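Take a look at the structure set out below.
All values reported here derive from a predicted model rather than from experimental measurement.
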Amino acid sequence: MNEAYILEWFSLLGRWVHMITGIAWIGASFYFVWLDNHLQAPKLASDDERGVGGEIWSVHGGGFYHAQKYRVAPPELPSTLHWFKWEAYTTWISGMFLLALLYWYQAEIYLIDPATMPLSKPVAVLLGFATVVVGWLAYDALCKSKVGQNESLMAGIMLLLLTMVAWGLCQLFSGRGAYMHFGAMLGSIMVANVFFVIMPGQRDLVAAKKEGRTPDPIHGIRAKQRSVHNTYFTLPVLFVMISNHYAMTYGHAWNWLILIAISVAGALIRVYFVQRHFGKPSLVPAIVAAALLLTVITAITPASRKTITAQSAGSTATTSDSTSQTVAFTDIEAIIKERCSSCHSSQPSNPGFAAAPKGIMFDNGAAILAQANVIHQQAVVTRAMPIGNLTGMTDEERASLDNWFLGGALETR
């Protein structure tokens with residue numbers, strides 16, 4: 001078996017595990033946020049006397065459930081106590097496995113873009129690793145400082161810092177690599193919150209109950225704060241997880257701003273749904289989120305053929321940039337063969353790929369014509385392909401592809 005085939009299987013299995021455990025973690029997290037926000041005062045005086053602080057009845061799957069939350073702890077600990085931690089840990093482990101497999105081990109393909117910053121592989125990997133570690137240390141320090149006592153101030157400073165991180169990563173790495181490291185940093189903060197703050201607090205609570213002492217309330221306060229932060233990080237992280245499929249975002253010149261705008265929109269959407277737990281929510285978060293998304297969609301909309309043609313006709317650009325120049329299809333085939341077919345063919349020659357990415361192949365003229373829209377979008381509009389520009393596609397070649405497409409490539413199919 002060749003290396004590319006083995007890497008494909010590692011990637012497949014890693015993604016599968018990551019998706020399964022991520023669903024389990026996020027599902028449990030969302031449920032407990034919902035549960036906490038829907039608790040009602042216990043109806044029985046005996047429950048109140050036993051320390052029950054809230055309860056809720058629900059029905060699911062043909063059965064009734066009665067959940068109760070104690071203000072501190074029950075009079076006696078049950079023999080079996082379920083902990084929710086391995087979902088988070090396994091999601092992080094599988095996610096870091098994928099980050100290391102794709103973006104560190106294959107940094108020259110997925111992480112490094114010489115046109116952005118000609119980094120060596122060791123330096124790129126070190127910077128990526130440092131982003132994850134330093135991100136957690138900075139966030140944790142903020143939470144423990146006086147800033148962490150003011151949630152509005154904390155949110156504002158975090159937004160500023162995350163914007164700086166997004167901008168910095170997009171100046172160092174390929175757009176795709178920058179997005180993934182941004183998401184890895186947020187995901188690592190979420191898991192570190194569980195490992196270093198939430199779980200120690202829960203262990204102290206259980207130990208205090210067993211030892212007959214009063215638990216330190218600071219653990220509960222800190223755990224609650226970090227749980228709330230985690231729920232607002234969730235949707236931005238989920239966006240990053242799927243962003244590698246959408247070069248129109250990470251491949252854009254303003255990719256860092258797009259990343260922040262969509263991340264803020266995701267957090268605001270979560271704010272709206274958390275508010276719904278308490279009754280009729282304010283529509284402001286949802287409206288602002290929708291406005292942000294609509295702004296991004298509008299701002300990065302590719303120019304129409306008519307607009308591009310008019311701009312080219314009225315510019316002083318060289319003839320290679322003019323849409324009036326006729327490009328022979330044989331020239332297009334030659335560009336695609338030299339710059340794209342090493343990956344996008346029935347038998348890729350690039351050692352990093354065992355099969356054509358997304359099943360897109362350019363083995364003949366008919367296949368190229370059938371994918372004209374995709375070629376133009378990825379190679380010209382977003383410039384995301386060739387990935388990391390591994391094959392060295394030139395600006396002149398991209399201009400030729402542009403002229404060919406705008407000159408009627410779709411009509412020749």
Item to check | From Met385 atom CE to His344 atom NE2, the distance as rounded to the nearest 0.5 Å | outcome: 5.5 Å

Item to check | From Leu268 atom CG to Tyr232 atom OH, the distance as rounded to the nearest 0.5 Å | outcome: 10.0 Å

Checklist outcome for this item: CG (Leu44) and CD (Glu49) are apart, to the nearest 0.5 Å, by 10.0 Å

Checklist entry - Hey, does Asp36 have a side-chain heavy atom less than 4.5 Å from the side chain of Lys224? => result yes

Atom pairs and distances, donor-acceptor, side-chain atoms in residues 11-21, under 3.5 Å, two or more places apart:
residue : atom : partner : partner atom : Å
Ser11   : OG   : Arg15   : NE           : 3.2
His18   : ND1  : Thr91   : O            : 2.9
His18   : ND1  : Ser94   : OG           : 3.0
His18   : ND1  : Gly95   : N            : 3.3
Thr21   : OG1  : Val17   : O            : 2.8
Thr21   : OG1  : His18   : O            : 3.4
Thr21   : OG1  : Thr91   : OG1          : 3.2

Checklist entry - Between Arg383 and Asp395, does a side-chain contact (heavy atoms from CB on, under 4.5 Å) hold up when you go through it step by step? => result CA-CA 10 Å; Arg383 299 174 68 92; Asp395 289 340; 2.7 Å; yes

Next on the checklist: Can you list everything that forms a salt bridge (charged side-chain N to carboxylate O under 4.0 Å, His left out) with Asp47? Sequence neighbours excluded, please.
Outcome noted: Arg50

Next on the checklist: Please find the pair of heavy atoms, one from Arg213 and one from Ala207, that lie closest to each other, and give the distance.
Outcome noted: NH2-CB, 4.1 Å

Next on the checklist: With a 3.5 Å distance limit and no angle check, can you tell me whether Thr116 reaches the backbone of Ile112 through a side-chain donor-acceptor pair?
Outcome noted: no

Next on the checklist: What verdict does the side-chain contact (heavy atoms from CB on, under 4.5 Å) test give for His181 and Leu99, after you've listed the backbone C-alpha separation in whole Å, the side-chain angles of each residue and the deciding distance to 0.1 Å?
Outcome noted: CA-CA 8 Å; His181 278 80; Leu99 188 72; 3.9 Å; yes

Checklist entry - What pair of heavy atoms forms the shortest contact from Val132 to Ser188, and how long is it? => result CG1-OG, 3.2 Å

Checklist entry - Quick check, are the ring centers of Tyr89 and Trp86 under 6.0 angstrom apart? => result yes

Item to check | Considering all heavy atoms, the nearest Cys340-Met393 contact | outcome: SG-CE, 4.0 Å

Item to check | Side-chain donor or acceptor of Glu55 paired with backbone N/O of Lys43 under 3.5 Å | outcome: yes

Item to check | Student check: side-chain heavy atoms of Ile387 and Gln378 closer than 4.5 Å | outcome: no

Item to check | 4.5 Å side-chain heavy-atom contact, Leu186 and Leu162 | outcome: yes

Next on the checklist: Checking the side chain of Ser174 only, and the main-chain atoms of Tyr110 only, is there a donor and an acceptor separated by less than 3.5 Å?
Outcome noted: yes

Item to check | Gap separating the OG atom of Ser145 from the CG atom of Asn150, nearest 0.5 angstrom | outcome: 10.5 Å

Checklist entry - Side chain of Ser29, backbone of Ile26: donor and acceptor closer than 3.5 Å? => result no

Checklist entry - So Trp83 and Val206, side-chain contact (heavy atoms from CB on, under 4.5 Å) or not? Walk me through it. => result CA-CA 11 Å; Trp83 297 69; Val206 172; 3.8 Å; yes

Checklist outcome for this item: Tested for side chain to side chain contact (heavy atoms under 4.5 Å, CB included) against Thr234, the lone hit among Phe239, Phe30, Trp25 is Phe30

Checklist entry - Would you find a donor on one side and an acceptor on the other, under 3.5 Å apart, between the side chain of Thr298 and the backbone of Thr295? => result no

Next on the checklist: Run Asn230 and Val194 through side-chain contact (heavy atoms from CB on, under 4.5 Å) and show every step you take.
Outcome noted: CA-CA 9 Å; Asn230 277 8; Val194 175; 4.1 Å; yes

Checklist entry - How are the rings of Trp57 and His66 set to each other: parallel, tilted or perpendicular (split at 30° and 60°)? => result parallel

Checklist entry - Are Phe84 and Phe32 close enough that their ring centers fall under 6.0 Å? => result yes

Checklist entry - Can you check whether Phe353 reaches Gln106 side chain to side chain, under 4.5 Å on heavy atoms? => result no

Checklist entry - For Tyr105, does its backbone N or O pair with a side-chain atom of Lys121 as donor and acceptor, under 3.5 Å? => result yes

Checklist entry - Quick check: are there more than 12 heavy atoms from other residues, nucleotides or ligands sitting under 6.0 Å from CD of Glu76? => result no

Checklist entry - Counting only heavy atoms not in Phe64, do more than 12 fall under 6.0 Å of its CZ? => result no

Next on the checklist: Under a 3.5 Å distance rule, please check whether Lys209 uses its side chain to pair with a backbone N or O of Pro74 as donor and acceptor.
Outcome noted: yes

Checklist entry - What is the minimum heavy-atom distance between Pro285 and Val271, and which atoms define it? => result CG-CG1, 3.9 Å

Taking distance alone, no hydrogens or angles, what donor-acceptor pairs closer than 3.5 Å link side-chain atoms of residues 195-202 to residues at least two apart or in another chain?
none

Checklist entry - Which distance, rounded to the nearest 0.5 Å, do you find between the CG of Asn403 and the NE2 of His376? => result 9.0 Å

Checklist entry - Any side-chain heavy atom of Thr394 sitting closer than 4.5 Å to one from Arg339? => result yes

Checklist entry - Between Trp34 and His277, how do the two ring planes meet: parallel, tilted or perpendicular, split at 30° and 60°? => result perpendicular

Next on the checklist: Could you tell me if the side chain of Glu338 sits less than 4.5 Å from the side chain of Thr391, heavy atoms only?
Outcome noted: no

Checklist entry - Any sub-3.5 Å donor-acceptor pair from Asn37's side-chain atoms to Phe278's backbone N or O? => result no

Next on the checklist: Donor-acceptor check, side chain of Asn255 to backbone of Cys170, threshold 3.5 angstrom: yes or no?
Outcome noted: no

Checklist entry - Backbone N or O of Pro281 within a donor-acceptor pair of the Arg276 side chain at under 3.5 Å? => result no

Next on the checklist: Under 6.0 Å from the ring centre and within 45 degrees of the ring axis: does the NZ or CZ of Arg270 meet both conditions for the six-membered ring of Phe233?
Outcome noted: no

Item to check | Gap between atom CG of Leu119 and atom CG of Leu127 - 0.5 Å precision | outcome: 6.0 Å

Checklist entry - What are the two closest heavy atoms between Ala367 and Met361, and how far apart are they? => result CB-O, 3.4 Å

Next on the checklist: In terms of relative ring orientation, are Trp136 and Tyr139 parallel, tilted or perpendicular, with 30° and 60° separating the classes?
Outcome noted: tilted

Checklist entry - Would a 4.5 Å heavy-atom cut-off, applied to side chains only, mark Tyr179 and Ile258 as touching? => result yes

Checklist entry - What is the minimum heavy-atom distance between Ala265 and Ala289, and which atoms define it? => result O-CB, 3.5 Å

Checklist entry - Taking side chain as C-beta onward, heavy atoms only, is Val228 less than 4.5 Å from Gln225? => result no

